[in-house]
Amino acid sequence: MAKRKSALSIYIPISIISDVSSLIEKTFKVGQIARSASIFRVERIVVYRDSPSASHEDGYLIRDLLNYAETPQFLRKLIFPLMPRLKYAGMIPPLRTPHHPLGSDNPLFREGFVLKSGKGVSRVEIGLREPVEVASELPLNKRVTLRNMGGRWVPTSKSEVPHYWGYETRLELKTLSSLMKGPSGSYVIATSRLGKPLSSVAGDILAALTWEDQISILFGSPGEGLNEILAREGAKPEDFADVVVNMIPGQGTATVRTEEAVAITLAIMRAIEISSSTIPQDR
């Protein structure tokens, strides 16, 4: 599971869970997004405020559930206190990404949690039989990435890990248009039933997957598409998107839920990506 050549970010609205009432259903929806993001190696999930009535509490719930799902199982009790909103988080299927090793796995890189630190030494829980000692003073009670160097565990950065190493979650209690203002340094794909047919822009998406370092994909909510969300903000997708595309032309349902749109869109992009032998190998 190597890293992608183009780092993917997805933007999802707080109201993705507004159409269900129970915590179990909300947890299941967010879990689907966590799984899809991991399957297709998304590196960042941005949660934005799509409506003045969007619940801040729903935003915190989405953020915490996504972070919980992304955290290796052996670190969850150390990082997450008992919280009512995480009551059903254990129902989210395991991601089984490279940074979620099973007990029998012996990877060169591991995520850890700093239990003790001082006098040039840290004690770090990394999911082995015993915590390991690291010859460095690391930030106490913080998550870290370690690398096995000839039997010694040393601190490293996520950027140095050659494998897909999970996603980061950003909760932004801002409107989408305010987040997208100014140069982003990213190729932006807006998904909309009012967008261009996929067949007419597949070549543009392929070129972006080939040459762009950063790609951002924007999604609407269960009740409103990007056009409706942005119209309330005095904007439209074309104001900041490089391409506006209908990823599901001829859909057989009146609406497509956001978690469904995420899975479908990422799968289509991967199909485009592997359809050409000119695509460079993932690093």
Side-chain angles (χ1 to χ4, degrees), residues 4 6-19 26 29-30 32-34 36-38 40-67 69-70 158-159 166-196 201 204-205 208-209 212-247 256-266 269:
R4 283 179 166 275
S6 300
L8 291 185
S9 298
I10 60 174
Y11 286 66
I12 59 174
I14 287 177
S15 61
I16 57 167
I17 54 176
S18 64
D19 60 339
K26 293 176 188 287
K29 273 180 171 280
V30 176
Q32 287 181 290
I33 291 175
S36 295
S38 301
F40 295 104
R41 293 173 291 166
V42 168
E43 293 196 9
R44 178 183 298 146
I45 303 176
V46 181
V47 184
Y48 68 89
R49 191 169 182 232
D50 55 304
S51 166
S53 61
S55 165
H56 286 202
E57 284 302 314
D58 278 353
Y60 300 137
L61 173 61
I62 295 169
R63 177 200 63 191
D64 290 347
L65 286 171
L66 287 173
N67 283 337
E70 187 276 336
K158 279 189 173 184
S159 63
Y167 56 78
E168 66 167 301
T169 304
R170 275 176 41 201
L171 172 61
E172 297 282 1
L173 297 176
K174 300 177 182 178
T175 62
L176 182 59
S177 59
S178 66
L179 287 174
M180 302 304 295
K181 281 181 180 176
S184 66
S186 178
Y187 186 88
V188 179
I189 299 172
T191 61
S192 170
R193 59 184 174 82
L194 302 177
K196 295 179 179 179
V201 295
D204 295 330
I205 294 174
L209 289 165
E212 298 289 342
D213 291 330
Q214 302 279 338
I215 297 178
S216 297
I217 312 171
L218 316 182
F219 294 93
S221 72
E224 294 181 312
L226 288 175
N227 287 78
E228 291 82 4
I229 292 170
L230 290 170
R232 195 163 44 242
E233 303 166 17
K236 56 185 184 297
E238 291 80 3
D239 292 341
F240 40 73
D242 293 281
V243 62
V244 183
V245 57
N246 181 1
M247 286 286 188
V256 176
R257 295 174 177 176
T258 305
E259 67 273 16
E260 296 169 337
V262 167
I264 293 167
T265 297
L266 293 175
M269 290 188 62

| request: Any chance you could lay out the side chain to side chain contact (heavy atoms under 4.5 Å, CB included) test for V262 and I12, step after step, and finish with the verdict? | output: CA-CA 9 Å; V262 167; I12 59 174; 4.2 Å; yes

| said: Between L171 and I62, is the side chain to side chain contact (heavy atoms under 4.5 Å, CB included) condition met? List the steps. | reply: CA-CA 8 Å; L171 172 61; I62 295 169; over 6 Å; no

| message | Looking at E224 and I229, would you say the former's side chain and the latter's main chain have a donor-acceptor pair under 3.5 Å? | response | no

| task | Find the distance between OG1 (T169) and CD1 (I33) and round it off to the nearest 0.5 Å. | result | 10.5 Å

| So which heavy atom on Y167 is nearest to which on A34, and how close? | OH-CB, 3.4 Å

| field | Short side-chain to backbone donor-acceptor contact, S6 and L209, under 3.5 Å | value | yes

| remark: What one should report as the nearest heavy-atom pair of F240 and S177 is CE2-CA, 4.1 Å

| said: Determine whether a donor-acceptor pair (N or O, by modelled atom type, separation under 3.5 Å) exists between the side chain of D239 and the backbone of K236. | reply: yes

| message | Could you tell me if the side chain of I217 sits less than 4.5 Å from the side chain of L266, heavy atoms only? | response | yes

| query | What heavy-atom pair brings A261 and V256 nearest, and what distance separates the two atoms? | reply | N-CG1, 3.8 Å

| said: To the nearest 0.5 Å, what is the distance between CD on E260 and CD on Q32? | reply: 7.5 Å

| field | Worked check of side chain to side chain contact (heavy atoms under 4.5 Å, CB included) between S216 and Y11 | value | CA-CA 7 Å; S216 297; Y11 286 66; 3.8 Å; yes

| task | Would you check, one step at a time, whether the test side chain to side chain contact (heavy atoms under 4.5 Å, CB included) holds for M269 with I205? | result | CA-CA 8 Å; M269 290 188 62; I205 294 174; 4.2 Å; yes

| message | Donor-acceptor check, side chain of S178 to backbone of K174, threshold 3.5 angstrom: yes or no? | response | no

| task | Please answer whether the main-chain N or O of S18 pairs with a side-chain N or O of S15 as donor and acceptor at a distance below 3.5 Å. | result | no

| said: Using a strict threshold of under 4.0 Å (side-chain N to carboxylate O), is an ion pair present between R44 and E172? | reply: no

| field | Side-chain heavy atoms of L230 within contact of L176, under 4.5 Å | value | yes

| field | Min side-chain heavy-atom separation D19-K29 under 4.5 Å | value | yes

| field | OG1-CG distance between T265 and L8, expressed to the nearest 0.5 angstrom | value | 11.5 Å

| task | Report yes if some heavy atom in the side chain of V245 is under 4.5 Å from a heavy atom in the side chain of I189; otherwise report no. | result | yes

| request: Report yes if the side chains of L61 and K26 come closer than 4.5 Å at any heavy-atom pair, otherwise no. | output: yes

| query | Got D242 and D204 here, is their nearest side-chain heavy-atom distance under 4.5 Å? | reply | no

| said: Keeping S192 on the side-chain end and V244 on the backbone end, is there a donor-acceptor pair under 3.5 Å? | reply: no

| said: Can you confirm whether the side chains of S186 and Q214 place a donor and an acceptor under 3.5 Å from each other? | reply: no

| task | Taking the side chain as every heavy atom from C-beta outward, state whether N227 and P237 have any pair of such atoms under 4.5 Å apart. | result | yes

| K158, NZ: over 12 other non-hydrogen atoms inside 6.0 angstrom | yes

| said: I need the minimum non-hydrogen distance between A37 and I45, along with the two atoms involved. | reply: CB-CD1, 3.8 Å

| message | With heavy-atom distances below 4.5 Å as the criterion, would you say the side chains of I14 and Y48 are in contact? | response | no

| query | For D50, does its backbone N or O pair with a side-chain atom of R232 as donor and acceptor, under 3.5 Å? | reply | yes

| task | For atom CZ of R170, decide whether the heavy atoms of other residues, nucleotides or ligands shown that lie under 6.0 angstrom number more than 12. | result | yes

| said: Please check this pair: side chain of R63 against backbone of L66, looking for a donor-acceptor N/O pair closer than 3.5 Å. | reply: no

